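Notes follow the structure.
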Amino acid sequence: MRDFSDMSAIRHALSTKREDDFAAWYQEVVSAADLAEESGVRGCMVIKPWGYGIWERIQRLMDDRIKAAGVQNCYFPIFIPLSNFTREAEHVEGFAKEMAVVTHHRLIADGKGGLIPDPAAKLEEPLVVRPTSETIIGDAMARWIQSWRDLPLLTNQWANVVRWEMRTRMFLRTSEFLWQEGHTAHENRDDARTETLRALEMYRACAEDDLAIPVFAGEKPENERFPGAVETWSIEAMMQDGKALQAGTSHYLGTNFAHAAGIKYQDREGTETLCHTTSWGVSTRLVGGVIMTHGDDDGLRVPPKIAPHQIVILPMLRDKPEDERLLAYCEEVRASLAALSALGEPVRVLLDKRPGKAAAKRWDWVRKGAPVIIEVGSRDMEGGKLAVLRRDAIWNLETGKSAFSYPAREDFVAGAADLLAEIQQALYAEAAERRDANITRGVTSMDEVAAHFADDVKYPGWLEVQWSKPTGAALDKVVEQLKALKLTLRNVPREADAADGSCIFTGEPAVERVLVARAY
RNA sequence: CGGGGAGUGGCGCAGCCUGGUAGCGCAUCUGUUUUGGGAACAGAGGGUCGCAGGUUCGAAUCCUGUCUCCCCGACCA
């Protein structure tokens with residue numbers, strides 16, 4: 001991994017640099033960019049307006065893609081009867097250890113000023129707070145599908161889910177998180193697999209085009225499969241510390257869940273047949289991915305497509321009567337920018353009229369990562385100019401000062417849409433270049449793997465190795481070997497070259513190339 | 001869930017070992033002087049020290065329990 005910067009003389013907006021302590025830096029960004037805060041409830045966070053605004057943008061863009069594919073939104077209950085889970089053995093085993101369970105429906109006074117669950121109000125059957133909704137949506141599908149004419153059934157829901165995680169991190173792994181889960185049912189394997197891959201490519205497009213995060217889309221190895229799935233596919237992104245983040249998953253579930261829930265249809269010949277189902281999801285974890293892909297030592301940098309405010313205007317108020325004229329001028333600038341269209345949508349501009357010095361507010365917006373920050377003083381107003389700061393390049397590396405430019409107002413407005421598109425592209429290019437520079441190919445032995453990931457190697461990045469795709473016990477052995485080095489198998493990228501060597505683990509002829517990395 | 005660390009004004013911390021009426025920096029508010037780039041000075045407000053018990057004349061400080069956060073591990077689409 002290349003150096004984050006050689007700008008040691010610069011006074012950055014954060015106190016922790018990525019290079020010094022990436023985990024501490026991450027937490028500082030979450031708090032300094034005003035994204036989220038601890039709630040006092042284990043593993044649960046309060047998502048603040050700027051953080052939620054980014055999530056809402058992601059939601060909007062993803063929802064458009066989902067609907068464009070003909071998938072319809074629904075909403076299913078948060079509570080799932082415990083017995084639903086016992087129908088699919090692997091599924092229950094996969095989630096049993098991390099489920100929150102509701103057992104009572106009433107509280108009574110404990111006589112000591114507190115409240116306890118009323119023993120008389122114990123539920124006949126405990127309700128599980130959904131960790132994912134395959135089982136309850138499967139029930140609905142079984143009711144909704146009778147004929148081949150009812151297929152495919154394409155549904156999605158935006159919801160919160162709860163998984164009682166042992167170790168949590170803001171956005172990356174929280175006990176409760178927000179996500180979308182698509183659930184579809186099809187006539188046959190081919191149709192279901194096509195849908196699984198459609199969703200996967202939708203995630204790739206959203207990650208790369210909207211979040212500016214380059215990803216590898218590919219199939220997960222057998223040991224990483226979703227409980228109950230026949231195939232699990234993922235998009236994998238490289239964070240700035242070289243670790244991998246699984247940013248979205250798409251599963252081909254075969255007939256496993258259809259069998260468990262009785263999702264059947266009469267085919268064209270009148271034969272009762274099990275459906276083939278899929279499920280796919282992305283979550284608020286994507287916000288964590290944005291932070292660790294685009295954040296820098298001054299805070300977050302939000303790609304324009306998902307920035308709640310793409311351009312922020314800061315009037316240099318003096319707390320004097322002439323402020324009014326300046327504000328009126330800034331409002332004109334705001335209106336002319338808001339009338340533009342950039343990246344396919346109206347430009348989102350904020351005129352930040354809060355009292356306070358422009359410089360202080362500027363650093364606020366730098367930490368939050370607004371793509372473009374404009375400062376306007378009375379002299380700018382007289383000269384018809386603006387002071388413009390691009391968040392993706394805020395430092396003049398020669399002077400160590402903020403890299404303001406001072407275009408004429410009309411020129412800036414005329415070029416604003418292009419500027420936002422350029423920033424979106426620049427963030428993607430920077431991330432893609434960094435990722436590609438940190439993937440090593442051609443490693444042919446476990447000794448080389450161990451050396452590559454030795455403790456004194458600061459940014460080992462990822463390996464792409466050839467393997468024979470072992471299964472069962474042979475795969476378990478590989479996983480154990482990698483685990484000793486804190487490594488995991490990520491996925492087999494669809495676009496990877498064909499194998500032409502031997503398996504790095506077994507020595508047998510290789511059949512494909514798989515990514516190996518440390519992971520979140 | 002195992003090992004380690006931590007919870008004291010909004011934020012960051014000191015005080016705790018060796019109990020004796022709570023302190024610093026930043027932020028906030030007021031005033032003055034400034035101000036084209038993260039202002040200076042002066043003054044003011046704000047905390048039952050995570051929570052619950054216990055020991056004691058007296059607890060931020062000692063003891064027990066508990067909750068939450070951070071790091072390592074186990075676990076984890």
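What's counted below: heavy atoms across the whole structure, side chains too, no hydrogens, waters or symmetry copies. A note on names: the letters A, B, ... follow the listed sequences, proteins ahead of strands, and every chain is numbered from 1. Nothing here was measured: the structure is a model prediction, and the numbers come from that model.
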(request) Show your working on salt bridge (charged side-chain N to carboxylate O under 4.0 Å, His left out) between K477(A) and E480(A) and close with a plain yes or no. (result) CA-CA 5 Å; K477(A) 201 178 145 197; E480(A) 279 305 308; over 6 Å; no

(message) I want to check one thing: is the phosphate of rG36(B), taken as OP1 and OP2, less than 4.0 Å away from some side-chain N or O of K357(A)?
(response) no

(request) Please tell me which of the listed nucleotides, rC71(B), rC72(B), rG36(B), lies nearest to the side chain of R169(A)? (result) rC71(B)

(message) The side chain of R42(A) is closest to which nucleotide in this list: rG38(B), rU68(B), rG73(B)?
(response) rU68(B)

(request) For rA22(B) and rA27(B), measure between their P atoms and round to the nearest Å. (result) 26 Å

(message) Considering every strand and a 4.0 Å limit on heavy-atom distances, what is the contact class for K361(A): base, sugar-phosphate, or nothing?
(response) nothing

(message) In whole Å, measure the gap between the C1' atoms of rA14(B) and rG9(B) for me.
(response) 14 Å

(message) Does W179(A) reach a base, just sugar-phosphate, or nothing at all? Heavy atoms under 4.0 Å.
(response) base

(request) Give one of base, sugar-phosphate or nothing for S378(A), where a contact means two heavy atoms less than 4.0 Å apart. (result) base

(request) Describe the nucleic acid contact of R362(A) in one word from base, sugar-phosphate, nothing, applying a heavy-atom distance below 4.0 Å. (result) sugar-phosphate

(message) In this structure, how many angstroms lie between the P atom of rC26(B) and the CZ atom of R11(A), rounded?
(response) 13 Å

(message) So does V282(A) get a backbone contact from the side chain of Q180(A), meaning a donor-acceptor N/O pair under 3.5 Å?
(response) yes

(message) Counting only side-chain heavy atoms from C-beta out, which of rG73(B), rC71(B), rC76(B) sits nearest to Q27(A)?
(response) rC71(B)

(request) Quickly work out the E37(A) CD to rC70(B) P distance and round it to whole Å. (result) 14 Å

(request) Would you classify G43(A) as touching base, sugar-phosphate or nothing, given that sugar-phosphate means primed atoms plus P, OP1 and OP2, and contacts are heavy atoms under 4.0 Å? (result) sugar-phosphate

(message) Which nucleotide, if any, forms a Watson-Crick or G-U wobble pair with rU48(B), using both distances under 3.5 Å?
(response) none

(request) Decide yes or no for S279(A) and L253(A): does some side-chain heavy atom of the first lie under 4.5 Å from some side-chain heavy atom of the second? (result) yes

(message) Within the 4.0 Å heavy-atom criterion, would you say R285(A) contacts the bases, only the backbone, or no part of the nucleic acid?
(response) nothing

(message) Which nucleotide wins on minimum distance to the side chain of E38(A), given the candidates rC69(B), rG38(B), rU35(B)?
(response) rC69(B)

(message) Donor-acceptor check, side chain of T277(A) to backbone of T184(A), threshold 3.5 angstrom: yes or no?
(response) no

(message) Please name the nucleotide paired to rG43(B) by Watson-Crick or G-U wobble geometry with both distances under 3.5 Å, or report none.
(response) rC29(B)

(request) Assign A359(A) to base, sugar-phosphate, or nothing according to its heavy-atom contacts below 4.0 angstrom with the strands shown. (result) sugar-phosphate

(request) Rounded to the nearest angstrom, tell me the gap between atom CZ in R173(A) and atom P in rC69(B). (result) 14 Å

(request) Rounded to the nearest angstrom, tell me the gap between atom OH in Y520(A) and atom C1' in rC71(B). (result) 13 Å

(request) Scan every strand shown for a Watson-Crick or G-U wobble partner of rG9(B), both distances under 3.5 Å, and answer none if you come up empty. (result) none

(message) Strictly by Watson-Crick or wobble contacts shorter than 3.5 Å, is anything paired with rC17(B), and which nucleotide is it?
(response) none

(message) In whole Å, measure the gap between the P atoms of rU61(B) and rC49(B) for me.
(response) 9 Å

(request) Let me see the working for R225(A) and E231(A) under salt bridge (charged side-chain N to carboxylate O under 4.0 Å, His left out), right down to the final yes or no. (result) CA-CA 7 Å; R225(A) 265 182 214 147; E231(A) 293 172 9; over 6 Å; no

(request) When you get a sec, tell me which of rG36(B), rG38(B), rC76(B) is the closest nucleotide to the side chain of R379(A)? (result) rG36(B)

(request) Give one of base, sugar-phosphate or nothing for G377(A), where a contact means two heavy atoms less than 4.0 Å apart. (result) base

(request) Identify whether any heavy atom of K385(A) sits under 4.0 Å from a base atom; if not, whether one sits that close to sugar-phosphate; answer base, sugar-phosphate or nothing. (result) nothing

(request) Between rU18(B) and rC70(B), how far apart are the P atoms? Round to whole Å, please. (result) 32 Å

(message) Considering every strand and a 4.0 Å limit on heavy-atom distances, what is the contact class for A229(A): base, sugar-phosphate, or nothing?
(response) nothing

(request) Over 60° means perpendicular and under 30° means parallel, so classify the ring planes of H12(A) and W395(A), tilted if in between. (result) perpendicular

(message) What's the closest nucleotide to the side chain of M166(A) if the choices are rA39(B), rC75(B), rG38(B)?
(response) rC75(B)

(request) Figure out the NZ/C1' separation between K486(A) and rC76(B), and round it to whole Å. (result) 17 Å

(request) Just say parallel, tilted or perpendicular for the rings of H309(A) and W365(A), cut-offs at 30° and 60°. (result) perpendicular

(message) Output the rounded distance in Å from CZ (R318(A)) to P (rG36(B)).
(response) 6 Å

(request) Figure out the CD1/P separation between I116(A) and rU66(B), and round it to whole Å. (result) 19 Å

(message) Please tell me if K401(A) has a side-chain N or O lying less than 4.0 Å from either OP1 or OP2 of rG36(B).
(response) no

